[in-house]
2 protein chains.
Amino acid sequence: MTGTDGDSVINTLVDPSLDAATEAVESGFEAERLVTLFGRCTVEYDGRASSTLGLGDRHVMCKPDGSILVHTDESQQPVNWQPPGCTHEAGVAEDRLVLESERSTPDERLVVRFEQIAQVSTFAVEDATELTLDGTEEDLRNRILDDPELVEPGFTPLATERDTAAGAIDIFGEDSDGRTVAVELKRKRVGPDAVGQLGRYVDALRRDLHDDAEIRGILVSPSVTDRAAELLERNGLEFVSAAPRE
Amino acid sequence: MTGTDGDSVINTLVDPSLDAATEAVESGFEAERLVTLFGRCTVEYDGRASSTLGLGDRHVMCKPDGSILVHTDESQQPVNWQPPGCTHEAGVAEDRLVLESERSTPDERLVVRFEQIAQVSTFAVEDATELTLDGTEEDLRNRILDDPELVEPGFTPLATERDTAAGAIDIFGEDSDGRTVAVELKRKRVGPDAVGQLGRYVDALRRDLHDDAEIRGILVSPSVTDRAAELLERNGLEFVSAAPRE
DNA sequence: CTATTAATCTCGAGA
DNA sequence: TCTCGAGGTTAATAG
């Protein structure tokens with residue numbers, strides 16, 4: 001097996017002694033490596049909420065940015081975690097490897113106690129590249145700024161992220177009759193919440209502009225739910241179907 | 001090293017050959033084990049959105065429930081993933097280990113191509129216990145049902161999850177004067193969205209009950225933002241401060 | 001720091 | 001299957 005010393009890309013121990021495991025984790029933290037453990041453990045969390053998790057086999061990942069993830073064999077989401085910026089510590093208590101992760105603002109603490117450690121690995125990670133993502137709300141905005149007729153013939157965008165007392169309007173513009181138009185963009189099918197958001201912007205515009213001119217609110221998304229459609233109708237708002245791509 | 005055969009709790013290969021790695025991953029999928037890989041790879045995703053990720057060292061976890069997670073050394077969130085229910089496949093193409101994860105409704109596909117594989121592990125996971133979590137919205141609801149005076153003296157809960165055309169009201173009840181009260185609960189400080197939600201419930205009640213009786217809407221949370229407070233005021237809604245615990 | 005909103009949000013419940 | 005709302009949401013961005 002390669003990588004039993006701390007300078008290798010990988011350092012892996014299978015069924016390690018308590019001392020060997022502790023030393024591997026500590027030196028992994030020290031060297032700012034990605035550290036993973038697999039074994040039988042309990043987990044306690046206290047902070048914004050609090051939780052306990054009884055004994056079971058879990059996969060624990062500690063990242064050099066201070067985040068920690070505890071995964072079971074189910075679900076995309078970790079069963080417990082801490083966000084980046086936490087301080088990790090490894091120690092031994094009552095003959096068990098104990099991982100502690102803490103942060104402040106808010107005060108939060110995660111403790112993992114291993115009854116049995118099946119594997120410890122530490123990895124040196126080199127990753128220069130970044131993700132490029134398409135099909136976001138920003139793509140939908142760019143599509144509409146490129147071709148405002150997707151909203152309606154004669155629509156003229158005047159600003160993006162135009163600020164109001166209720167928040168920023170995605171696209172602020174006017175229609176062919178010179179009426180003010182607030183456009184709210186959503187990349188996918190939306191429910192009543194998005195209609196409420198648009199309604200608040202239109203209301204804020206009416207108060208901000210305090211004139212009697214008609215102000216239109218248009219929700220642009222691939223589709224809306226029935227309740228959202230009702231709410232649009234009742235609030236005198238409009239809907240235009242458009243998607244971020246295709 | 002223990003666990004080089006597929007029946008052990010762990011099966012780990014460090015710097016494996018392409019064939020050995022492929023065989024380990026395939027037998028891990030077959031045996032419904034938790035499979036992890038670490039190595040230099042690219043990732044492509046196409047589905048609800050689409051993304052590409054260039055070469056870099058990443059940790060990949062495939063769970064027996066069909067989920068897959070690709071982690072870099074930063075961030076709590078995976079850089080790419082698929083939800084549970086996907087079909088995993090491992091294969092070799094152009095001298096590289098390729099993992100493919102697919103699902104339908106919606107059609108989504110994730111492809112990981114390894115240029116170099118530093119480690120492959122498969123784990124047999126036994127985990128009978130479930131997480132217990134405190135400090136949730138349900139805890140806040142139970143607190144208030146135990147002691148309705150937390151809302152106000154004389155408040156009487158009549159139903160939880162009371163259905164309206166706009167959705168379910170957390171706590172439906174009446175005040176000491178017999179007026180209908182809709183209570184919306186939030187476990188933490190809230191913004192304008194929660195006020196909109198409460199407003200929709202109250203409006204729906206007014207339409208559903210179609211009488212002229214006054215209907216009160218009360219938001220219960222630890223605190224509200226300034227804009228939320230304004231919006232409450234403007235919509236004739238009320239706020240009571242309470243938290244899920246302490 | 002706080003506030004606001006997007007997200008391949010995820011997840012669970014209910015129809 | 002879709003819809004809806006909670007979440008220790010997380011993450012990014014603006015103030």
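Labels below follow one simple rule: chain letters A, B, ... track the order of the sequence lines, proteins then strands, and each chain is numbered from 1. Here the structure is a predicted model, which is why all the values come from computation and not from measurement.
- Summarising the geometry, the separation between NE2 on B:H71 and P on D:dT10 is reported as 14 Å, rounded to the nearest angstrom.
- The aromatic rings of A:H71 and B:H71 sit perpendicular to each other, their planes meeting at more than 60°, with 30° as the lower class boundary.
- At D:dG8, none of the side-chain N or O atoms of A:R109 fall inside 4.0 Å of OP1 or OP2 (strictly under the cut-off).
- Nucleotide C:dC1 has D:dG15 as its partner under the Watson-Crick or G-U criteria, with both atom distances under 3.5 Å.
- Between the CG atom of A:D139 and the P atom of C:dT8 there is a distance of 11 Å, rounded to whole Å.
- Of the side-chain N and O atoms in B:R48, one or more sit less than 4.0 angstrom from OP1 or OP2 of C:dC9.
- Residue contacts for B:A194: at a heavy-atom cut-off of 4.0 Å it reaches no nucleic acid atom on any strand shown.
- Nucleotides of DNA chain D nearest to A:Y45 and B:R200 differ in position, and the one nearer the 5' end is that of B:R200.
- Judged by distance alone, the side chains of B:R58 and B:T72 never bring a donor and an acceptor atom under 3.5 Å apart.
- Using atom P as the reference point in both D:dG7 and C:dA7, the two lie 22 Å apart (nearest Å).
- Remark: A:W81 is not in phosphate contact with D:dT9, judged by side-chain N or O atoms under 4.0 Å from OP1 or OP2.
- One finds a salt bridge joining A:R245 and B:D46 here, because a Lys/Arg side-chain nitrogen approaches an Asp/Glu carboxylate oxygen to under 4.0 Å.
- Residue B:K188 places at least one side-chain N or O under 4.0 Å from the OP1 or OP2 atom of D:dT9.
- Using a 4.0 Å heavy-atom distance criterion, B:R189 is classed as a sugar-phosphate-only contact.
- Under the 3.5 Å distance criterion, with hydrogens and angles disregarded, a donor-acceptor pair is assigned to the side chains of A:N80 and A:S51.
- The side chain of B:R187 contributes no N or O atom lying less than 4.0 Å from OP1 or OP2 of D:dA6.
- The aromatic rings of B:F38 and B:H59 sit tilted, their planes meeting at an angle between 30° and 60°.
- Between the side chain of A:D226 and the base of D:dT3, no donor-acceptor pair of N or O atoms lies under 3.5 Å.
- The interatomic distance linking A:D170 (CG) with C:dT5 (P) rounds to 10 Å, in whole Å.
- Donor-acceptor pairing under 3.5 Å is lacking for the side chains of A:T136 and A:D134.
- Regarding A:L185, its CG atom lies at a distance of 20 Å from the P atom of C:dT4, rounded to whole Å.
- Rounded to an integer number of Å, the gap from A:K186 NZ to C:dC9 P is 12 Å.
- The C1' atoms of C:dA6 and C:dT10 are separated by 14 Å, rounded to the nearest whole Å.
- Annotation: D:dA11 and C:dC11 have their P atoms spaced 15 Å apart (nearest Å).
- Side-chain contact check for B:Q197 and B:K186: at least one donor-acceptor pair (N or O, by modelled atom type) lies under 3.5 Å.
- Close to D:dG5, at under 4.0 Å from its OP1 or OP2, lies a side-chain N or O of B:Y201.
- For the pair B:T105 and B:L131, nearest-nucleotide mapping onto DNA chain D gives the more 5' position to B:T105.
- When heavy atoms are screened at a 4.0 angstrom cut-off, A:P83 is found touching base atoms of the nucleic acid.
- Close to D:dG15, at under 4.0 Å from its OP1 or OP2, lies no side-chain N or O of B:R227.
- With distances taken from any side-chain atom of A:Q82 to the nucleotides D:dA11, C:dT8, D:dG8, the minimum falls on D:dG8.
- For D:dG7, its base never sits under 3.5 Å from the side chain of B:E137 at any donor and acceptor pair.
- For C:dT4, one of the phosphate oxygens OP1 or OP2 lies less than 4.0 angstrom from a side-chain nitrogen or oxygen of B:T225.
- Here B:Q197 does not reach the OP1 or OP2 of D:dC4: none of its side-chain N or O atoms lies under 4.0 Å away.
- Here D:dG5 presents its P atom at 11 Å from CD1 of B:I169, a figure rounded to the nearest Å.
- The CG atom of B:L219 sits 11 Å away from the P atom of D:dA6 (whole-angstrom rounding).
- Among the atoms of the strands shown, none is found under 4.0 Å from any heavy atom of B:E74.
- Sequence order on DNA chain C of the closest nucleotides to B:N80 and B:P84 puts B:N80 first from the 5' end.
- Comparing B:L110 and A:S75, the nucleotide of DNA chain C nearest to each residue sits closer to the 5' end for B:L110.
- Using a 4.0 Å heavy-atom criterion, one finds that B:E138 contacts no nucleic acid atom at all.
- Listed pair A:Q77 / C:dT10 fails the phosphate criterion, with no side-chain N or O lying under 4.0 Å from OP1 or OP2.
- Distance CD (B:Q76) to P (D:dT9): 11 Å, rounded to an integer number of Å.
- Side chains of A:Q82 and A:Y45: no donor on one and acceptor on the other come within 3.5 Å.
- The shortest distance between the side-chain N/O atoms of B:S50 and the OP1/OP2 oxygens of C:dT8 is not below 4.0 Å.
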